[in-house]
Protein chains: 2
Amino acid sequence: MARQEPVRRRSKPADQYHHGDLRRALVDETVRLIQAHGVEWLTLRTIGERLGVSRTALYRHFSDKQALLGAVGREGFRLLRVALSEAWQRHGKGRPGFEAMAIAYVGFAVTHPAHYRVMFGGFVESCAKDTEFIAEANGAFDVLVQSLVDQQQAGIVRQDDPRMLALFIWASVHGTAMLAIDGQLGDDPRGEQLNRFAIERLRAAIARP
Amino acid sequence: MARQEPVRRRSKPADQYHHGDLRRALVDETVRLIQAHGVEWLTLRTIGERLGVSRTALYRHFSDKQALLGAVGREGFRLLRVALSEAWQRHGKGRPGFEAMAIAYVGFAVTHPAHYRVMFGGFVESCAKDTEFIAEANGAFDVLVQSLVDQQQAGIVRQDDPRMLALFIWASVHGTAMLAIDGQLGDDPRGEQLNRFAIERLRAAIARP
DNA sequence: ACCTGAACACCGTTCAAGT
DNA sequence: ACCTGAACACCGTTCAAGT
């Protein structure tokens, strides 16, 4: 038996390179794969395969896997901030605006569970130095704080430290969101019923005495 | 140079086997390693090394890595249930008992962050079939539901569906716990300040009208 | 600048074999 | 019953080389 000559693969012609925004495509494909199989099973090799690109191509755009996940988290916080801000603005910045924000928050989590998991999955530790990551997260939080300051000035929310009030509210909607995407709400998978109930109770909790 | 004879390792004598409860030791070491380096970096090989045991020894006690993590999560829910139940009983089952429960909840999370991360880290999906896991989780939740029923009967909590009230409370303390162990509370790393504030506001939210 | 394949160190898991 | 080392398929990452 003649020893088989190793197949000399022709290099990929330049016009088949992934032109266009590979960075963008990598983030999108990452989100899609997490959505489908969970962040636990995400592999860089699969991402490359799905994009028709070598498994090391992504190192041109991200220093490592953590950095890629960091980009997903950062994008998540940006999308969340925009969603919250729009809800607040579009519903008149008062009580209805506040309720719309809470609904937008849980709505964001259940429609973007992959982003949400990465945002709060403990990757934060690795991203603690990532100032852009922190800035995006703070941006989203500040929308909430500002809405509470506004409502205090309008006389419909009690005069506690607005940052403390915001943390309290955040804890509540975040908890609802987590329970929903963890599938722990059975007959209310998107957490809408629980969220409506919580919003009503939260209003009572923060109302001016 | 004479080729070095491969070292023929003597089998470990039987009296050096890990007698005693290896299963127990595996779970404890897993918790310790997660505590130290995060669940992300946990490897079965390291666990074996630390216990002076082959890296495949654990397959005598767990079917795979997921099963080992499942055991950690189950243990976490058991410990949490006991902590909640004790707090409730020991403080007289009324308003003080309820507050003690909330403090015990966040206290459990910040002193057992490894357990807590595994309990709510999305491993739940893999454990969805694990009926023991579900049972333990429900057990902890039921302590909270029961405490609300008791408080309704005592006339100090509003007459809403107690399950809904329990989910609302749970979302709040769970959110506080997550923020604390994610290190997002800066000057209040154990979440005690936020938790005290939240407990007071929650009381206002669920009080009988 | 952007992309490639080969190579490296590492991981979870299987399995025949040892006591 | 309990434990072992060797082997397998896979993974993230590095790097010299190609266009």
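A, B, ... follow the sequence lines: proteins, then strands. Residue 1 opens every chain. All heavy atoms count here, side chains included; hydrogens, waters and symmetry mates do not.
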Asker: If I take atom CD in residue B/Glu49 and atom C1' in nucleotide D/dT4, what distance separates them, rounded to the nearest angstrom?
Answerer: 15 Å

Asker: Quick check on ring pair (Phe, Tyr, Trp, His ring centres under 6.0 Å): which of A/Phe168, A/Phe108, A/Phe120, A/Tyr105 does A/His174 satisfy it with?
Answerer: A/Phe120

Asker: Check every atom of D/dC3, C/dT4, D/dT13 against the side chain of A/Asp64 and return the nucleotide holding the closest atom.
Answerer: D/dT13

Asker: Could you work out which one of C/dG12, C/dT14, D/dT13 sits closest to the side chain of A/Thr56?
Answerer: D/dT13

Asker: Any base atoms under 4.0 Å from B/Leu68, or only sugar-phosphate, or nothing? Heavy atoms, all strands.
Answerer: nothing

Asker: How about NZ on A/Lys93, more than 12 heavy atoms from neighbouring residues, nucleotides or ligands closer than 6.0 Å, or not?
Answerer: no

Asker: Which of the following nucleotides, D/dG12, C/dT4, D/dC2, is nearest to the side chain of A/Thr43?
Answerer: D/dG12

Asker: Rounded to the nearest angstrom, tell me the gap between atom CD in A/Glu40 and atom C1' in C/dC11.
Answerer: 13 Å

Asker: Should the ring pair B/Phe141 and B/Trp170 be called parallel, tilted or perpendicular, given that the plane angle runs from 0 to 90° and is split at 30 and 60?
Answerer: tilted

Asker: Would you mind reading off the distance between B/Leu42 atom CG and C/dC10 atom C1', rounded to a whole angstrom?
Answerer: 15 Å

Asker: Nearest to the side chain of A/Tyr59 - C/dT13, D/dG12, D/dT4?
Answerer: D/dG12

Asker: Could you state the CZ-C1' distance from A/Phe62 to D/dT13, rounded to the nearest angstrom?
Answerer: 16 Å

Asker: Below 3.5 Å, does any donor atom in the side chain of B/Arg45 face an acceptor in the base of C/dG12, or the other way round?
Answerer: yes

Asker: Can you list the steps and then say if A/Trp88 with A/Phe98 is a ring pair (Phe, Tyr, Trp, His ring centres under 6.0 Å)?
Answerer: CA-CA 6 Å; A/Trp88 173 245; A/Phe98 183 75; 7.3 Å; no

Asker: Does the side chain of B/His61 get closer than 4.0 angstrom to OP1 or OP2 of D/dC3 through an N or O atom?
Answerer: yes

